[in-house]
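Throughout, residue positions are numbered sequentially from 1 according to the sequence presented.
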Amino acid sequence: MNGATSRIDLEPSWLAEIGNEFEQPYMRQLREFLRAEKAAGKLIYPASANWFNAFRCAPFASVEVVILGQDPYHGPGQAHGLCFSVPRGVDVPPSLRNIFQELDRDLGIAPPAHGCLESWATQGVLLLNSVLTVERGRAASHQGKGWERFTDRVVEVLSARREHLVFLLWGSYAERKGRIIDRERHLVLSSPHPSPLSAHRGFIGNGHFSAANRYLEAHGKRPIDWRLSP
């Protein structure tokens, strides 16, 4: 491991699995892009300390469920490195409200008063956006810069080196990323995205939370406690 890789703020077990990606030309180009954006005075979300928060909360061997998002929230104070999640004290975004609605319908868990999903992550739910950064106020502004290749590698490594994981793919973007998952080794559940535009076309009613737990239990694993602390 050279000096550049050793400075990456990635949880150690993940660094052991995918640390070599940081030496690839596409990642060097991504770093240069991000440096240039910052030098130009652009605000990037989340804060750099939280770019790899999903990995910090869910070390490699602890991952049991993967939820794939697209890119971070682009409003002030929203993104903190976990897809669909916002810090406590931040208004719950519409997509997350629909996730809570399905959780209530599926498991009878009443919607919480906050949108912080850290308790899911620390149980082994990898809340992974395909793109890990975004410019303030500009959705999808960092797509096509290299993050997608990095997170493809994350999914590929999980698929190949772990067994009996649950992948929740919500929306066509996540479903395309799911093509590299070995469906003989893992459970893959797909539905429309929970955004207000599509939630009532199949996300509400998908039963993914209970189905994930049934699969985990069937393979001798502990189910996820989908309740969020007050």
Side-chain angles (χ1 to χ4, degrees), residues 1-35 38 44-73 79-88 116-134 142 145-168 174 177-178 180-182 185-187 212 216 219-225 228-229:
M1 181 185 300
N2 68 24
T5 302
S6 65
R7 292 193 298 271
I8 297 298
D9 183 24
L10 193 65
E11 190 277 333
S13 67
W14 278 106
L15 194 62
E17 294 291 339
I18 58 173
N20 289 341
E21 289 300 298
F22 292 95
E23 310 309 323
Q24 301 301 315
Y26 81 91
M27 284 299 284
R28 292 198 292 271
Q29 292 167 6
L30 174 59
R31 285 196 293 271
E32 289 304 316
F33 165 75
L34 292 169
R35 288 193 191 105
K38 287 186 174 183
I44 295 175
Y45 296 144
S48 58
N50 285 329
W51 289 356
F52 302 107
N53 196 23
F55 304 95
R56 186 181 306 120
C57 292
F60 181 77
S62 77
V63 174
E64 302 295 354
V65 177
V66 181
I67 298 178
L68 291 176
Q70 189 162 341
D71 60 349
Y73 296 121
H80 66 140
L82 304 176
C83 74
F84 293 108
S85 179
V86 292
R88 290 172 182 266
C116 182
L117 306 181
E118 282 186 0
S119 68
W120 293 3
T122 56
Q123 293 178 76
V125 180
L126 182 65
L127 297 166
L128 182 66
N129 276 315
S130 178
V131 176
L132 301 188
T133 58
V134 71
H142 289 184
K145 304 300 182 181
W147 281 127
E148 295 94 337
R149 182 171 171 182
F150 174 74
T151 53
D152 276 354
R153 180 59 178 157
V154 171
V155 173
E156 182 180 42
V157 167
L158 283 169
S159 177
R161 300 182 188 173
R162 295 290 312 281
E163 291 187 349
H164 307 311
L165 303 184
V166 181
F167 290 84
L168 304 184
K177 204 170 187 69
I180 57 180
I181 300 168
D182 183 346
R185 295 166 63 95
H186 308 287
L187 176 65
L216 294 175
H219 290 90
K221 299 184 177 187
R222 180 180 301 174
I224 303 299
D225 182 354
L228 297 177
S229 59

Open item on the list: Are the side chains of Leu15 and Phe55 in contact, using a 4.5 Å heavy-atom criterion?
Closed with: no
Task: Taking every non-hydrogen atom, the tightest pair across Ala54 and Leu126 - done: O-CD1, 3.5 Å
Open item on the list: Return the CD1 to CG distance between Ile67 and Asn129, rounded to the nearest 0.5 Å.
Closed with: 11.0 Å
Task: Minimum heavy-atom distance His142-Val131, with the two atoms named - done: O-CG1, 3.7 Å
Task: Check: Arg88/Ser229 side-chain N/O donor and acceptor closer than 3.5 Å - done: yes
TODO: Would you please indicate if the ring centroids of Tyr45 and His80 are separated by under 6.0 Å?
DONE: no
- [ ] Could you give me the CA-CA distance, side-chain angles and deciding distance for Leu216 and Val166, then say whether side-chain contact (heavy atoms from CB on, under 4.5 Å) is met?
- [x] CA-CA 8 Å; Leu216 294 175; Val166 181; 4.1 Å; yes
- [ ] State the CZ-OH distance between Phe84 and Tyr73, to the nearest 0.5 angstrom.
- [x] 6.5 Å
Task: CD-CD1 distance between Glu156 and Ile181, expressed to the nearest 0.5 angstrom - done: 11.0 Å
Task: Nearest heavy atoms of Leu68 and Ala174, plus distance in Å - done: O-CB, 3.9 Å
TODO: For residues Gln24 and Arg28, determine if any side-chain heavy atom of one lies less than 4.5 Å from a side-chain heavy atom of the other.
DONE: no
Task: Ile18 CD1 to Met27 CE distance, which is reported to the nearest 0.5 Å - done: 8.5 Å
Task: Residues Arg56, Glu11: salt bridge by 4.0 Å N-O rule - done: no
- [ ] Report the distance from atom CG of Asp182 to atom CG of Leu165, rounding to the nearest 0.5 Å.
- [x] 10.5 Å
Open item on the list: Can you confirm whether Ser159 sits close enough to His186 that some side-chain heavy atom of one is under 4.5 Å from a side-chain heavy atom of the other?
Closed with: yes
- [ ] Can you measure from CH2 (Trp147) to CG (Leu132) and round to the nearest 0.5 angstrom?
- [x] 4.5 Å
Open item on the list: If you compare all heavy atoms of Pro46 against all heavy atoms of Ala79, which two are closest, and at what distance to 0.1 Å?
Closed with: CB-O, 3.4 Å
- [ ] Give a yes or no on whether Arg161 atom CZ has more than 12 heavy-atom contacts from other residues, nucleotides or ligands under 6.0 Å away.
- [x] yes
- [ ] Heavy atoms only: give me the nearest Trp14-Pro59 pair and the separation to one decimal.
- [x] NE1-C, 3.5 Å
Open item on the list: Checking Arg185 against His164 for the side-chain contact (heavy atoms from CB on, under 4.5 Å) test, could you report, in this order, the C-alpha distance in whole Å, the side-chain angles of both residues, the deciding distance, and whether it holds?
Closed with: CA-CA 6 Å; Arg185 295 166 63 95; His164 307 311; over 6 Å; no
Open item on the list: I want to check something: taking the side chain as every heavy atom from C-beta on, are Ile44 and Val134 in contact at a cut-off of under 4.5 Å?
Closed with: no
Open item on the list: When you compare the side chains of Thr151 and Lys177, does any donor N or O come within less than 3.5 Å of an acceptor on the partner?
Closed with: yes
Task: Working for side-chain contact (heavy atoms from CB on, under 4.5 Å), residues Glu64 and Arg162 - done: CA-CA 9 Å; Glu64 302 295 354; Arg162 295 290 312 281; 3.8 Å; yes
Open item on the list: I'd like to know if the side chain of Trp51 pairs up with that of Thr133 as donor and acceptor (distance under 3.5 Å, no hydrogens or angles considered).
Closed with: no
Open item on the list: Strictly distance-based, threshold 3.5 Å: is any side-chain N or O of Glu17 a donor or acceptor partner for the main-chain N or O of Ser13?
Closed with: no
Task: Nearest heavy-atom neighbours spanning Cys83 and Leu128 - done: SG-N, 3.5 Å
Open item on the list: I'd like to know if the side chain of Ser85 and the backbone of Leu117 have a donor-acceptor N/O pair within less than 3.5 Å.
Closed with: yes
- [ ] Run the ring-centre check on Tyr26 versus Phe150 and record whether the distance is less than 6.0 Å.
- [x] no
Open item on the list: Determine whether Leu228 and Trp120 satisfy the following criterion, side-chain contact (heavy atoms from CB on, under 4.5 Å), listing intermediate values before the conclusion.
Closed with: CA-CA 8 Å; Leu228 297 177; Trp120 293 3; 3.3 Å; yes
- [ ] For the pair Arg153 (side chain) and Glu148 (backbone), establish whether a donor and an acceptor sit closer than 3.5 Å, ignoring hydrogens and angles.
- [x] no
